[in-house]
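Have a look at the structure below before the remarks.
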Amino acid sequence: MTEISNVARLSEPLKFAYWVPNVSGGLVVSTIEQRTGWDFDYNKKLARIAENSGFEYALTQTRYAASYGADKQHEATSFSLALLAATERLKVIAAVHPGMWHPGVLAKYIITADHISNGRAAVNIVSGWLKNEFTNFGLEWLEHDERYVRTEEFINVLRGLWTEQGYSQGGKYYNITDFTLNPAPVDVPGRAHPEIFFGGNSTAAQATAGRVADWYFSNGKDLEGFKENIAGVVAAAGETNRGSEGALAAPRFGLNGFVIARDSEKEARDTLREIVEKAHKPAVQGFRDAVQEAGASTKDGKGMWADSTFEDLVQYNDGFKTQLIGTPEQIAERIVEYKKIGVNLFLTGYLHFQEEIAAFGQDILPIVRELEADLARKNGIELDLSSTPVAESVAV
């Protein structure tokens, strides 16, 4: 049994998000059938299914140049705004690159999206790994750790402009002088400002998340691997006294996982095997060649995709590593094991998004809630479901 970490929040129910398929080709680089569309009509229906299935968040991917077999992409911030306008409760996270956005412009954009959606806009800050996206646009390409220096300044500008009047900040990459954005973001109880997600597996990424991010996102990891990431983030947060009175709240943790839920474990494993056997090998290998630099370029050789196999990269964010594969009961049990080590949110992907997100809400989420309640009670507390959306029966 997994030992319960001191950062695990047993009274708080897990949150669930899904990858918005705003890029063509689905979420696996394989010729297996994927009943998933990248167009807006498909995604509008998907977002409504998700919010009625107990999902609280959706993450819109950012990509400009074709990669990992996806030859078409919709821009993330505009797509996110459209999804916010098409839903009532779902929080939509737009992924953005520092170096392609000025943080002041993004801060203003997100405030507007926040008012349109009544306080449901969020951002995921992506430091960037695809060099050609920057250099072919004529933008400066920074080496690995320097990208995180810029990212940290970028996040500080966002938070400062969202929370202060007459904000100023001097830095290596951004200089803000006595600037006020009006209106401010929507005043949402329990939320200081639009949530700032941030991802990366490297030591530099963990340190940046620990100092400034509200949420730390990771590619797929097994239990021991994600324990290591959490420890790195927690150590950096402790150095700045996050979580203490008057300081920035302690970071929370999100983990990527590709869900293959079937009636039997064998059927689920057979599906995984078929995905890998039908992998688009040139596309996966091309992606592998591009991303191996991300880990190799770090000072200690740690980073996203540094230890990923060919099979791992068929799901381009290492989603198979999390092993959310099996029957609904097995997947729910696996999810709660991750909660014990400190995971607060699962970012999920699927072969057939609309059908499988509805099935997740109907078949897996109720078991997760039962297991969470049992875990809390065994540790002398109660699971607080008062503000958690309840999955409904969804027709697809």
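Salt-bridge formation is detected for the pair K227/E224: a Lys NZ or Arg NE/NH1/NH2 atom is positioned less than 4.0 Å from an Asp or Glu carboxylate oxygen. Using a 4.0 Å cut-off between charged side-chain N and carboxylate O, K378 and D374 make no salt bridge. E274 and K278 are joined by a salt bridge, as a carboxylate oxygen and a charged side-chain nitrogen come within less than 4.0 angstrom of each other. We find that R334 and E337 are not joined by a salt bridge, their nearest charged nitrogen and carboxylate oxygen being 4.0 Å or further apart. Salt bridge present: E146 and K172 bring a charged side-chain N and a carboxylate O closer than 4.0 Å.
Tested against R35 for a side-chain hydrogen bond (donor to acceptor under 3.5 Å, both in side chains), the candidates E356, E355, Q354 yield a single pass: E355. For the side-chain contact (heavy atoms from CB on, under 4.5 Å) criterion with E51, the lone passing option out of E88, E56, K91 is E88. For the ring-ring contact (aromatic ring centres under 6.0 Å, His included) test with F55, the passing option among F353, W19, F360 is F360; the others fail.
Here the closest non-hydrogen pair linking I331 and G326 is CD1-O, 3.7 Å. A65 and E133 get closest at one heavy-atom pair: N-OE2, 3.0 Å. For P98 against F134, the heavy-atom pair with the smallest separation is O-CE2, 3.7 Å. Contact record, L345 with L14: N-CD2, 4.3 Å, taken as the closest heavy-atom pair. Closest non-hydrogen pair, S218 versus N201, comes out as OG-OD1, 3.1 Å. Across D39 and H74, no two heavy atoms sit closer than the pair CA-NE2, 4.4 Å.
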Inset, instruction - Carefully, step by step, assess I110 and L158 under the rule side chain to side chain contact (heavy atoms under 4.5 Å, CB included). - result: CA-CA 10 Å; I110 295 298; L158 286 180; over 6 Å; no
Inset, instruction - Run the numbers on Y350 and Q34 for side chain to side chain contact (heavy atoms under 4.5 Å, CB included), then give the verdict. - result: CA-CA 9 Å; Y350 308 84; Q34 297 183 71; over 6 Å; no
Inset, instruction - Check the pair N136, Y64 against side chain to side chain donor-acceptor pair (under 3.5 Å), reporting the backbone distance first and the verdict last. - result: CA-CA 11 Å; N136 290 359; Y64 295 89; over 6 Å; no
Inset, instruction - Give the C-alpha distance, both sets of side-chain angles, the deciding distance and a yes or no for side chain to side chain donor-acceptor pair (under 3.5 Å) between N256 and N219. - result: CA-CA 5 Å; N256 180 54; N219 271 6; 5.3 Å; no
Inset, instruction - Tell me, with the steps shown, if S24 and D71 meet side chain to side chain donor-acceptor pair (under 3.5 Å). - result: CA-CA 6 Å; S24 63; D71 62 351; 2.9 Å; yes
Legend entry - Audit row: F346, L255, side chain to side chain contact (heavy atoms under 4.5 Å, CB included) steps and yes/no: CA-CA 5 Å; F346 278 90; L255 179 64; 4.1 Å; yes
Inset, instruction - Tell me, with the steps shown, if K266 and D270 meet salt bridge (Lys or Arg N to Asp or Glu O under 4.0 Å). - result: CA-CA 6 Å; K266 180 182 183 304; D270 286 347; 2.8 Å; yes
Inset, instruction - Kindly indicate, with the supporting measurements, whether the criterion side chain to side chain donor-acceptor pair (under 3.5 Å) is fulfilled by R89 and N52. - result: CA-CA 9 Å; R89 301 178 300 281; N52 288 325; 2.6 Å; yes
Inset, instruction - Starting from the C-alpha separation in whole Å, work towards a yes-or-no answer on salt bridge (Lys or Arg N to Asp or Glu O under 4.0 Å) for E265 and R269. - result: CA-CA 6 Å; E265 182 178 7; R269 294 289 169 188; 3.8 Å; yes
Inset, instruction - Check the pair R369 / T388 against side chain to side chain contact (heavy atoms under 4.5 Å, CB included), numbers first and verdict last. - result: CA-CA 10 Å; R369 297 301 185 220; T388 302; 3.3 Å; yes
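Under a 3.5 Å cut-off, the side chain of S117 and the backbone N or O of R120 do form a donor-acceptor pair. When atom types are taken as modelled, the side chain of T62 and the backbone of V96 share no donor-acceptor pair closer than 3.5 angstrom. Looking at Q315, its side chain does come within 3.5 Å of a backbone N or O of L27 through a donor-acceptor pair. Without hydrogens or angle criteria, T60 side chain to A94 main chain gives no donor-acceptor distance under 3.5 Å. Formation of a donor-acceptor pair under 3.5 Å by the S168 side chain with backbone atoms of D178 is found in this model. When atom types are taken as modelled, the side chain of Y173 and the backbone of V149 share no donor-acceptor pair closer than 3.5 angstrom. Put simply, the side chain of S53 never gets that close to the backbone of G361: no donor and acceptor are under 3.5 Å apart. Judged purely by atom type and a 3.5 angstrom limit, E164 has no side-chain atom pairing as donor or acceptor with the backbone of Y167. Without hydrogens or angle criteria, Q61 side chain to V20 main chain gives a donor-acceptor distance under 3.5 Å. Put simply, the side chain of Q169 gets close to the backbone of E153: a donor and an acceptor are under 3.5 Å apart.
Applying the ring pair (Phe, Tyr, Trp, His ring centres under 6.0 Å) criterion to Y18, with sequence neighbours excluded, gives no partner residue.
Tracing side-chain contacts under 4.5 Å through hydrophobic residues (I, L, V, M, F, W, Y), one never reaches V186 starting from I196; they form parts of separate clusters. In the hydrophobic clustering of ILVMFWY residues, with side-chain heavy atoms under 4.5 Å counting as a link, L385 and L375 come out apart. Cluster annotation: L383 and V368 are assigned to distinct hydrophobic clusters (Ile/Leu/Val/Met/Phe/Trp/Tyr, side-chain heavy-atom contacts under 4.5 Å, transitive). Note on L46 and W38: separate hydrophobic clusters, where clusters join Ile, Leu, Val, Met, Phe, Trp and Tyr whose side-chain heavy atoms are under 4.5 Å apart, directly or indirectly. I381 and V7 fall within a single hydrophobic cluster, where Ile, Leu, Val, Met, Phe, Trp and Tyr side chains are chained together by heavy-atom contacts under 4.5 Å.
Note that CG of L223 and OG1 of T2 are 5.0 Å apart. Values are rounded to the nearest 0.5 Å. With rounding to the nearest 0.5 Å, the separation of CG in L142 from OH in Y148 is 12.0 Å. The line from OG of S30 to CD1 of I275 is 6.5 Å long, rounded to the nearest 0.5 Å. To the nearest 0.5 Å, atom OG1 of residue T327 and atom CD1 of residue I364 are 8.5 Å apart. To the nearest 0.5 Å, atoms CD1 (I335) and CD1 (I367) are separated by 9.5 Å. Taking CG from N156 and OG1 from T151, the interatomic distance works out to 11.0 Å, rounded to the nearest 0.5 Å.
Around atom CG of N182, more than 12 heavy atoms belonging to other residues, nucleotides or ligands sit under 6.0 Å away.
Within the 4.5 Å cutoff, side-chain heavy atoms of D214 are placed close to those of H193. You'll find the side chain of Y338 reaches within 4.5 Å of the side chain of T322, heavy atoms only.
For residues 94-116, the pairs satisfying side chain to side chain donor-acceptor pair (under 3.5 Å) are D114-R191, with sequence neighbours left out. Contacts classified as ring pair (Phe, Tyr, Trp, His ring centres under 6.0 Å) and involving residues 222-266 (residues at least two apart or in different chains) are given here: F258-F320.
Between F197 and W215, the ring planes are parallel. Angles under 30° get that label, and only those over 60° would be called perpendicular.
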